Amino acid sequence: MGLGFFGSILLLALFLRQSVSQQPNTDGFYVFDFFQKMGLISSQNNNLSASVCSWQWVFCDALEENVIGLVASGFGLSGVIPETTIGKLSKLESLDLSSNRITGLSSDFWGLGSSLKTLNLSNNHISGSLPSNIGNFGELQSLDLSFNYISGELPQSVSSLLSLQVVKLDQNEFTGSIPLGFLDCQSLVSIDLSFNLLNGSIPNGFATAFPKLRTLNLAGNKIHGGSLDFVGLQSLTFLNISGNLFNGSVMGVFQEQLQVIDLSRNQFEGQISQVHSNSSFDWSRLIFLDMSANQLSGTIFPDLNEAQNLQFLNLAHNRFFEQEFPQIGNLSALEYLNLSQTGLTGSIPPSISQLAGLRVLDLSENHLTGPISSLGINNLQILDVSLNNLTGEISSSLLQKLPQMQKFNFSYNNFTFCASQFSPETLKYAFIGSLNSCPVTANPDLFGRQTPSHNGLKLALATSLALVCLLAGLLCLAFGCRSKSRMWVVKQQSNKEEQSISGPFSFQTDSTIWVADVKVATSVPVVMFEKPLLNFAFADLLSATSNFDRGTLLAVGRFGPVYRGFLPGGIHVAIKVLVHGSTMTDEEAAREFECLGRIKHSNLVPLTGYCLAGDQRIAIYDYMENGNLQNLLHDLPLGVQTTEDWSTDTWEEDNNNNAIQNVGCERLQTTWGFRHQIALGTARALAFLHHGCSPPIIHKDVKASSVYLDSNWEPRLSDFGLAEIFGNGLEDEMARGSQGYVPPEFSQPEAGFPTPKSDVYGFGVVLFELITGKKPVGDNYPDGQDSNLVSWVRGLIRKNQGSSAIDPKIVGTWPQTEIEDALRIAYLCTADLPSKRPSMQQIVGLLKDIQPVEHQ
Ligand SMILES: *[C@@H]1O[C@H](CO)[C@@H](O)[C@H](O)[C@H]1NC(C)=O
Ligand SMILES: *[C@@H]1O[C@H](CO)[C@@H](O)[C@H](O)[C@H]1NC(C)=O
Ligand SMILES: *[C@@H]1O[C@H](CO)[C@@H](O)[C@H](O)[C@H]1NC(C)=O
Ligand SMILES: *[C@@H]1O[C@H](CO)[C@@H](O)[C@H](O)[C@H]1NC(C)=O
Ligand SMILES: *[C@@H]1O[C@H](CO)[C@@H](O)[C@H](O)[C@H]1NC(C)=O
Ligand SMILES: *[C@@H]1O[C@H](CO)[C@@H](O)[C@H](O)[C@H]1NC(C)=O
Ligand SMILES: *[C@@H]1O[C@H](CO)[C@@H](O)[C@H](O)[C@H]1NC(C)=O
Ligand SMILES: *[C@@H]1O[C@H](CO)[C@@H](O)[C@H](O)[C@H]1NC(C)=O
Ligand SMILES: *[C@@H]1O[C@H](CO)[C@@H](O)[C@H](O)[C@H]1NC(C)=O
Ligand SMILES: *[C@@H]1O[C@H](CO)[C@@H](O)[C@H](O)[C@H]1NC(C)=O
Ligand SMILES: *[C@@H]1O[C@H](CO)[C@@H](O)[C@H](O)[C@H]1NC(C)=O
């Protein structure tokens, strides 16, 4: 019967050609007449020869006297079934006229008699009510009238259908309540009354009437009832009462053998937490559970994690108490999880990434906090986490972990994202209320040092410069500018001599080889934010560093090697090659660099430019003349490079620098006032990142070697923002921080994620270093070999002996009590509980309060 509609017609026509007229009042005649009157056979064609019993869709008894089966599904039959046709087939057992355009039945249809076992009229246009005559079909086993327009009440006479096993009356317009007579149909295995207009209650005795019932679908009516109506349906495996008016407790529903439970969109209420304790429900059988859109309360089932075969779970839109995310790591079969509006608090557990088959995840409208970086679910297609308090950055690299993703919604959280990574359409619908993370300065003046505004002056300078240039240009045009063009030629030649202009270029450090896959070094631009007219190219980086010669290598840091060089015009820079792990496209990386370039503060090392050389992202920073705090403070001999330090290179041109350095070193080592100045500057930088940028920037790696000293001995914090942008893969390691600076919350099993307060901890350690002159780990602490700086000093402060930790070199330089005040600030910063630590803004205030007069 797998023929299409037109195929059937064609074959039928072929058969009819060879037939002769049927004798009147035989089954053959009735069937022929039926097809003729339903418009399938034209009247001229009634020269049919063969018996209808030879037709493929007609089944006759052994003697070929009676038709016992007729299957004309999808034949295009239309209109009312005529009198004296099918209704006369007295021995008919099976009739399938489904998927036609039949609009009504003949009155003699109900005379079909007691032989009919299966009747399928589904998917037609039958209207009117179902007469009591249906009760005539005492042998009927399967009745399918679904997808019609049948209205009125179900007749009580269904009580005669004692053999009925399958009844499908769904998608009609039946009204009234389920008739009591129904309860006599004790052979029923499957009932589908869904999508009608039935109301009233489930009749008493329903649950005991159908010992064999396996499938019950009452969805989409207005039926009243409670879960107890189903207690006793011992064979039931499928229950769908979605979209009705059931109320009370759901307890009764959870019976051992059920596999599919859909109670959604009812009025169930009460706590569901005890479902396990007083029912013998077997979670391991459960495949489908939908209890969404009720008024359930309490907490989600404690035994949920035992449902190993669960594929679909929807508990959304109830009235659950505020609760932690339920244990679901064992639900390995889960494909759909909807916990929208279930009162979830806390963070999304990492175990969610064990749900490898998950395709739909809806956690919207909860109170979830923390990042969603644990969502590494390959098959996820739909993700909705809108309306929570989730944090962190939604980057394209996060979405790369979700390759199947078709629809997502991150709206109304505390997420940040970089707008350039997403289409305008996506931004409009999926990031409502999120913050563009291409960072912009909110109010630099609040956090910066008070510097007089030179804007007017600058403008005047720029205008006059432009005029001079214009004049020079005109002069050049007029006189040919010989000398200049000669210089240009000379420069070109020297470039060619110094290095080959065509790549790819490969470079080596002790630990890394990196390759810049560029074809022509002169055509890959170097973008300098403040000097857009300079037109530098990768070739200029090559010559500035003698082809990234090891002699110019300052350090090999976490992201890759850092070189020192002079760009044309004497611009002194540190060139940082971010070798490790960025998966961003060129556009994305460029956008991120531009964002970072806009972050400016007098205590931050400024990013001055960048270059995208093949896959390499190269960051260009102002060179910091006086190295970093770690080296200065702990007085490492030159040449020992434990971390990035931009001061220990060997090709120093002017020896003046070393002299200054020594003076600075001396001051740093011996005066508290100078150390205080470094602490305050560093605090200002962090306060600016935390409170002055929108969204806030978390440094993630605050340590002495991140604090540089510029040519004026002003402290400047470096490397902000890089972890976020280029960390990818490195990010977890970055998040852990550097040894000795890691806050306690990171070493717990439920490892924390970086917050402003973890930066505060790192700052506290730096402050301890400034006060004690000792390294955070591996130094000589009087309280024992295994100790570290933080636990040693904190121990002393608790015993009121903090002053004994002060670096002997500065003890005499200032009233001891003021240094002890600083110790107390560091003590607060290194509190075990992040919430006990002050904010960087508060720390700036505290440090200013104890500012030595000399430096005001
Ligand atoms: C029977 O019908 C076919 C076509 O429908 C026609 O070709 C044929 O001549 C008819 N035979 C008689 C005896 O009418
Ligand atoms: C009735 O026919 C339709 C269409 O052919 C079919 O999908 C449905 O399963 C049939 N009903 C029963 C109860 O077999
Ligand atoms: C059920 O609906 C019918 C109309 O379809 C209405 O007359 C009857 O009062 C309703 N019964 C109940 C119990 O709501
Ligand atoms: C229950 O019925 C509703 C309404 O028709 C439907 O959306 C839902 O998919 C059904 N549930 C199951 C498990 O079939
Ligand atoms: C459930 O609804 C029925 C009728 O709609 C009502 O009489 C009964 O009190 C309700 N039960 C509960 C527990 O709300
Ligand atoms: C389940 O137990 C609770 C108390 O533990 C009781 O209030 C409730 O009626 C019980 N439910 C069923 C269906 O037995
Ligand atoms: C989760 O599965 C493991 C292994 O199958 C089992 O040992 C553990 O008891 C299960 N946990 C729960 C809560 O069912
Ligand atoms: C989650 O369930 C709610 C309530 O039924 C529904 O509105 C929402 O569309 C569901 N989410 C998804 C992604 O299916
Ligand atoms: C998010 O957190 C803020 C402050 O803690 C709170 O006022 C707000 O209600 C929270 N929003 C949600 C959806 O939990
Ligand atoms: C989320 O952001 C809002 C407004 O920016 C803030 O009030 C709230 O405290 C933040 N919540 C969390 C949990 O970070
Ligand atoms: C995302 O969620 C918000 C808040 O519920 C809603 O306004 C917005 O329409 C949703 N966007 C999409 C694409 O579903």
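Counting begins at 1 with the first residue of the sequence. The analysis underlying the following values was restricted to heavy atoms, covering all of them including side chains, and did not include hydrogens, waters or symmetry mates. Both ligands and their constituent atoms are indexed starting at 1 by order of listing. If you're wondering where the values come from, they're calculated on a predicted model, not measured in any experiment.
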Can you confirm whether more than 12 heavy atoms, excluding those of D586, are under 6.0 Å from its CG atom? yes

I'd like to check which ligand 11 atoms, numbered from 1 as shown, lie under 4.0 Å from a non-hydrogen atom of S386. 2 (O), 5 (O)

Strictly under 4.0 Å, does any heavy atom of A430 approach an atom of ligand 11? no

For ligand 8, which is the ligand I care about here, please tell me if S340 has any N or O atom under 3.5 Å from one of the ligand's N or O atoms. no

For ligand 11, which atoms, with element, lie under 4.0 Å from some heavy atom of Y412? 4 (C)

Return the orientation label for the F230 and F206 ring planes: parallel under 30°, perpendicular over 60°, tilted otherwise. perpendicular

S187 versus S163, side-chain donor and acceptor atoms under 3.5 Å: no

Which class fits the ring pair F246 and F268: parallel under 30°, tilted 30 to 60°, perpendicular over 60°? parallel

Under 4.0 Å, heavy-atom basis, I'd like to know which part of A316 is in contact with ligand 8: side chain, backbone, both or neither. side chain

If you compare I382, L387, D384, V385 by their heavy atoms, the one closest to atom 5 (O) of ligand 11 turns out to be L387

Under-4.0 Å heavy-atom contact between protein and atom 14 (O) of ligand 3: yes

Of the non-hydrogen atoms in C185 and V158, which two are nearest, and what is the gap between them? SG-O, 3.2 Å

Does the side chain of S242 pick up a donor-acceptor pair with the side chain of R265 at under 3.5 Å? yes

protein heavy-atom neighbour closest to atom 8 (C) of ligand 3 works out as N199 ND2, 3.7 Å

Element-labelled atoms of ligand 8 that are located less than 4.0 Å from some non-hydrogen atom of N338: 1 (C), 2 (O), 3 (C), 8 (C), 10 (C), 11 (N), 12 (C), 14 (O)

Which protein non-hydrogen atom lies closest to atom 7 (O) of ligand 11, naming both residue and atom, and how far is it? I432 CD1, 3.9 Å

Got an N/O contact under 3.5 Å between H317 and ligand 8? no

Measuring from L169:CG to N217:CG, what's the distance to the nearest 0.5 Å? 11.5 Å

Pull out every atom of ligand 8 sitting under 4.0 Å from any heavy atom of Y336, numbered as shown with elements. 1 (C), 10 (C), 11 (N), 12 (C), 14 (O)

Does the side chain of S99 come under 3.5 Å of the side chain of N123 through a donor N or O and an acceptor N or O? yes

Short check: is a protein heavy atom less than 4.0 Å from atom 11 (N) of ligand 11? yes

Would you check, one step at a time, whether the test side chain to side chain contact (heavy atoms under 4.5 Å, CB included) holds for I134 with S157? CA-CA 7 Å; I134 186 83; S157 61; 3.6 Å; yes

Hey, mind stepping through F301 and F254 against ring-ring contact (aromatic ring centres under 6.0 Å, His included) and telling me if it holds? CA-CA 12 Å; F301 316 101; F254 288 87; 5.6 Å; yes

If you measure every N or O of N409 against every N or O of ligand 11, does any of those distances drop under 3.5 Å? yes

S292: numbered ligand 8 atoms lying under 4.0 Å from its heavy atoms: 5 (O)

Considering the heavy atoms of N314, write down every atom of ligand 8 situated less than 4.0 Å from one of them. 1 (C), 2 (O), 5 (O)

